[in-house]
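These notes concern the structure reproduced below.
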Amino acid sequence: MRLSQLFGKTLRQPPAEAETVSHQLLVRAGMIHQVAAGVYSYLPLGWRALRKIEQIIREEMDAAGGQELNMPVLQPLELWQETGRDKALGDTLFTLKDRRQRPLVLGPTHEEVITLLARQNVRSYRDLPLLLYQIQTKFRDEPRPRGGLIRVREFPMKDLYSFDVDEAGLNLSYRKMAEAYRRIFQRCGLPTLMVEADSGAIGGKGSHEFMVIAPTGENEVLTCEACGYAANAERAAFAKSPLPPEEPMPLEEVPTPGAATIAQVAGFLGVPPSQTYKAVFHWCDGAPVLVTIRGDLEVNEVKLKNALKCAELRLATEREVLAAGLVAGYASPVGLKGIKTVADDSITTGANFVAGANREGYHLKQVNYPRDFSVDLLTDIAQAQAGLPCPQCRAPLRSTRGIEVGHVFKLGAVYSQKLGANFLDQEGRQRPMVMGCYGIGVGRLLAAAVEQNHDGAGIIWPSPIAPYQVHLVGLGMDKGEVAASAAELYSRLQAGGFEVLFDDRLESPGVKFNDADLLGLPVRLTISARTIKAQGAELKRRRDAGPGATVPLAGLLAEIKSLLAGEGQQA
RNA sequence: CGGGGUGUAGCGCAGUUGGUAGCGCGCAUGGUUUGGGACCAUGAGGCCGGCGGUUCGAGUCCGCCCACCCCGACCA
């Protein structure tokens with residue numbers, strides 16, 4: 001491709017609204033263009049890089065036995081009502097009506113459609129296992145798009161769905177996919193960490209995310225260096241230090257004027273926060289819930305939401321708290337009636353806690369569970385944090401941030417049961433297919449790759465996903481001799497099978513070099529009066545600093561090939 | 001949705017007490033340059049986010065709306 005013909009201009013300054021590095025660089029390099037919040041066009045260079053990634057994904061999916069197909073973006077809302085996911089997705093679902101006023105949705109994912117497809121085409125265990133995938137545009141009306149391509153409302157995604165006869169089969173498919181994912185990210189030049197994750201609105205029995213560790217990541221990841229435990233903070237467990245048993249003492253009410261927070265109460269009564277019960281009010285699908293947890297711990301809303309199995313969960317407003325008859329700052333489940341109560345299992349060890357008296361200005365001492373109160377639900381709803389002990393080996397957990405580029409789910413039979421996707425097993429019994437689903441955000445992967453591979457001057461593409469491999473720069477293109485030999489080299493490179501971007505513009509060297517650095521192709525080849533005199537060309541890898549080496553024209557192609565091969569290994 | 005911020009040329013920005021809009025980059029033409037964002041000259045390009053109001057007169061003052069960005073609740 002001749003740069004003089006290429007659609008898309010480089011910018012010296014990034015647009016003011018671009019904050020993330022990948023966003024700034026992709027815009028400056030003329031690879032993407034924003035159309036609306038979270039909606040982007042891909043320009044030729046960006047699109048080429050994206051297609052490179054798609055191709056890598058295809059190869060690995062096919063190698064793992066996947067079959068590519070394509071499903072519609074437009075789907076009847078009815079289908080989503082059947083599985084109840086219209087509610088689970090809520091406002092995230094883009095909806096519209098056709099001319100007959102039939103409600104439709106723009107597909108945010110395709111479990112429903114693919115399950116229907118499998119129901120229609122799978123009859124027997126002999127048809128299984130089955131791995132079907134597509135790379136297609138998804139629509140999610142995210143509450144807040146951000147970070148350029150990191151979080152958008154319309155995005156290309158690879159989604160594969162596995163269908164197996166049983167759990168064992170699912171586990172096998174799951175492992176196969178996890179392995180394919182590792183290879184994909186590796187080939188894209190991205191080290192990723194596979195972490196335990198919450199499955200959110202997709203549902204199912206277990207899931208893992210693939211995180212690119214980056215400070216700009218949206219997710220907090222907790223890891224244990226000692227044993228390798230890794231989990232998204234919204235899902236992570238930790239070893240709750242049990243408190244020593246004590247002889248339960250009689251319940252006692254004490255005045256605690258003005259002590260409405262854990263810190264104040266603990267200070268006032270001279271006990272550690274871990275010797276208190278914290279009460280938090282949540283609002284779950286239109287009803288109040290009182291959540292109790294040990295005073296030194298925090299509530300994890302994702303865990304709580306899962307435990308309550310509710311569609312919408314948030315903190316209760318002051319007004320809602322009052323209306324429910326709760327006393328903010330002095331509430332506890334002790335003696336409380338008519339309100340759903342949940343507690344973290346941290347309340348089960350130790351004894352003689354301080355808790356609210358449900359009366360302004362008073363707390364209870366020597367509260368003991370289950371002697372003094374009961375709860376409707378007792379489970380782990382505590383927020384893991386850096387420094388807390390690893391659930392597996394008790395070494396302190398560490399916190400990092402990550403960009404989620406892939407997510408794999410064990411769905412089980414949730415969708416197949418709801419939509420009647422059954423097959424006949426060897427004994428002639430009808431059974432629901434056991435499903436898994438596996439997503440990769442392709443555009444986000446592109447952004448993450450830039451996020452991870454850049455310097456002050458611009459992008460440094462990992463060569464497998466670079467839009468072109470060689471950036472050929474002609475300096476002094478108004479000189480016939482330079483123009484001719486640059487053009488000749490361009491043809492030779494193309495004939496040799498290289499993907500070449502040829503800067504044939506009549507620009508000053510500074511402009512050309514700076515654009516080359518910004519666009520970030522792995523190898524730069526410069527030809528000028530100077531190099532022609534030396535019967536060579538200057539060869540430089542993007543990731544190397546300093547001037548390149550002058551290489552004789554004779555062995556040039558082989559030289560480039562070996563440089564690129566080295567790049568591939570590095571990635 | 002809560003909190004914060006910004007809308008003036010393709011990009012980055014300025015615009016005073018209200019008087020009909022400017023700078024840098026980029027773009028076009030001509031010329032001089034050519035190994036790390038060169039220089040000179042000339043030129044094109046604006047519904048000042050939108051609507052309404054105040055005023056003889058609004059980019060500027062007031063009201064409403066919209067868009068976009070950032071921080072939190074959601075996710076590939």
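Computed from a predicted model, the values in this text were never measured in an experiment. First the proteins, then the strands, lettered A, B, ... as listed; each starts at 1.
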When rounded to the nearest Å, what value does the distance between [atom1] atoms of [N] and [M] take?
N: B/C23; M: B/G43; atom1: P; answer: 12 Å
N: B/G72; M: B/C39; atom1: P; answer: 43 Å
N: B/A58; M: B/G53; atom1: P; answer: 12 Å
N: B/C61; M: B/G19; atom1: C1'; answer: 15 Å
N: B/G26; M: B/A38; atom1: C1'; answer: 15 Å
N: B/G45; M: B/C27; atom1: C1'; answer: 9 Å
N: B/C69; M: B/C11; atom1: P; answer: 14 Å
N: B/C13; M: B/G52; atom1: P; answer: 30 Å

TODO: Say whether A/N219 and A/E209, considering side chains only, have a donor N or O and an acceptor N or O under 3.5 Å apart.
DONE: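 No, A/E209 and A/N219 have no side-chain donor paired with an acceptor closer than 3.5 Å.
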
Open item on the list: Could you tell me if A/Y438 and A/S162 have a donor-acceptor pair between their side chains, going purely by distance under 3.5 Å?
Closed with: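 Distance-only check passes for A/S162 and A/Y438.
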
Open item on the list: Could you identify the nucleotide paired to B/A76, looking across every strand shown and requiring Watson-Crick or G-U wobble geometry with both distances under 3.5 Å?
Closed with: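 The base-pairing partner of B/A76, which may sit in any strand shown, does not exist here.
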
Set out, line by line, the N/O atom pairs under 3.5 Å between protein and nucleotides 25-31 of chain B.
| unit_1 | atom_1 | unit_2 | atom_2 | d |
| --- | --- | --- | --- | --- |
| B/G26 | OP1 | A/R12 | NH2 | 2.9 |

Using distance only, find each side-chain donor-acceptor pair of residues 61-75 of chain A under 3.5 Å and give its atom names and separation, not counting sequence neighbours.
| unit_1 | atom_1 | unit_2 | atom_2 | d |
| --- | --- | --- | --- | --- |
| A/D62 | OD1 | A/Y133 | OH | 2.7 |
| A/E68 | OE1 | A/R58 | NE | 2.7 |
| A/E68 | OE2 | A/R58 | NE | 3.1 |
| A/E68 | OE2 | A/R58 | NH2 | 3.2 |
| A/Q75 | OE1 | A/W80 | NE1 | 2.8 |
| A/Q75 | NE2 | A/P72 | O | 3.3 |
| A/Q75 | NE2 | A/H110 | NE2 | 3.0 |

[X] (side chain) and [N] (base): donor-acceptor pair under 3.5 Å:
X: A/R28; N: B/G12; answer: no
X: A/R444; N: B/C75; answer: yes
X: A/S528; N: B/G35; answer: yes
X: A/N219; N: B/C75; answer: yes

Pair up each side-chain donor or acceptor in residues 148-157 of chain A with any protein partner under 3.5 Å, not counting sequence neighbours, and list the distances.
| unit_1 | atom_1 | unit_2 | atom_2 | d |
| --- | --- | --- | --- | --- |
| A/R151 | NH1 | A/E218 | OE1 | 3.3 |
| A/R151 | NH2 | A/E142 | OE1 | 2.9 |
| A/R153 | NE | A/A37 | O | 2.9 |
| A/R153 | NH1 | A/D141 | OD1 | 3.2 |
| A/R153 | NH2 | A/A37 | O | 3.1 |

